[in-house]
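Have a look at the structure below before the remarks.
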Amino acid sequence: QVQLVESGGGLVQAGGSLRLYCAASGDTFSINAMGWYRQAPGKQRELVASINNGGSTNYADSVKGRFTISRDNAKNTVYLQMNSLKPEDTAVYYCSAWTPWGTVLAWGQGTQVTVSS
């Protein structure tokens, strides 16, 4: 089994920055990719960014140029650097990990990000 623990959320003013952390433990050898989803009130959960073992990244159009996902394989940790934050970025952010076939291995507990205008 894989366990994910997130940290780094909080309250920030529009234009500010936050950095999210997600540490994986357990059967980390089974992880091919990790990423961040977010869910705002009344909306569906959406994929924000992902990174695979090879370092290839993928971003939602709404965050391109503002968010950067990175990964420290030695520490089994994924980071999400969020710059130029907007009120519409307000959501609960969830870390996830999945296999090469796209099977979700685990979800983090979620961390709240609130951007005030």
Which atoms form the tightest heavy-atom contact between [X] and [Y], and what is the distance?
{"X": "Ala40", "Y": "Ala91", "answer": "N-CB, 3.8 Å"}
{"X": "Ala14", "Y": "Ser117", "answer": "CB-CA, 4.3 Å"}
{"X": "Ile31", "Y": "Arg71", "answer": "CG2-NH2, 3.6 Å"}
{"X": "Ser70", "Y": "Arg19", "answer": "OG-NH2, 4.5 Å"}
{"X": "Arg66", "Y": "Ser84", "answer": "NH1-O, 3.0 Å"}

Exercise. For Thr28, which residues count as a side chain to side chain donor-acceptor pair (under 3.5 Å) partner, sequence neighbours excluded?
Worked result: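 So Thr28 forms no side chain to side chain donor-acceptor pair (under 3.5 Å) with any residue.
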Do [X] and [Y] share a hydrophobic cluster, counting only Ile, Leu, Val, Met, Phe, Trp and Tyr and linking them when any side-chain heavy atoms are less than 4.5 Å apart?
{"X": "Val92", "Y": "Tyr37", "result": "yes"}
{"X": "Ile51", "Y": "Phe29", "result": "no"}
{"X": "Tyr94", "Y": "Trp98", "result": "yes"}
{"X": "Ile69", "Y": "Leu85", "result": "yes"}
{"X": "Val113", "Y": "Val78", "result": "yes"}

Exercise. Do Asn32 and Thr99 have side-chain atoms, one donor and one acceptor, less than 3.5 Å apart?
Worked result: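 There is no such pair between these side chains.
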Hey, does [Y] have a side-chain heavy atom less than 4.5 Å from the side chain of [X]?
{"X": "Tyr79", "Y": "Thr68", "value": "no"}
{"X": "Gln112", "Y": "Thr90", "value": "yes"}
{"X": "Arg38", "Y": "Leu80", "value": "no"}
{"X": "Met34", "Y": "Leu4", "value": "yes"}
{"X": "Ser96", "Y": "Arg45", "value": "no"}

For this session: Check step by step if side chain to side chain contact (heavy atoms under 4.5 Å, CB included) holds for Leu20 and Met82.
Result: CA-CA 8 Å; Leu20 303 183; Met82 305 185 293; 3.7 Å; yes
Exercise. What distance separates Trp36 CH2 from Thr111 OG1, expressed to the nearest 0.5 Å?
Worked result: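 It comes to 7.0 Å.
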For this session: State the SG-CD distance between Cys22 and Glu6, to the nearest 0.5 angstrom.
Result: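 If I round to the nearest 0.5 Å, the distance is 5.5 Å.
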Problem set entry | With Phe67 via ring pair (Phe, Tyr, Trp, His ring centres under 6.0 Å) - residues at least two apart |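 Listed in chain order: nothing, the list is empty.
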For this session: Determine yes or no for a side-chain-to-main-chain donor-acceptor pair under 3.5 angstrom, with Asp27 supplying the side chain and Ser30 the backbone.
Result: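 Side chain of Asp27 to backbone of Ser30: no pair is present.
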For this session: For the pair Asp89 and Lys86, find out whether any cationic side-chain nitrogen is under 4.0 Å from an anionic carboxylate oxygen.
Result: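 The answer is no: the pair does not qualify as a salt bridge.
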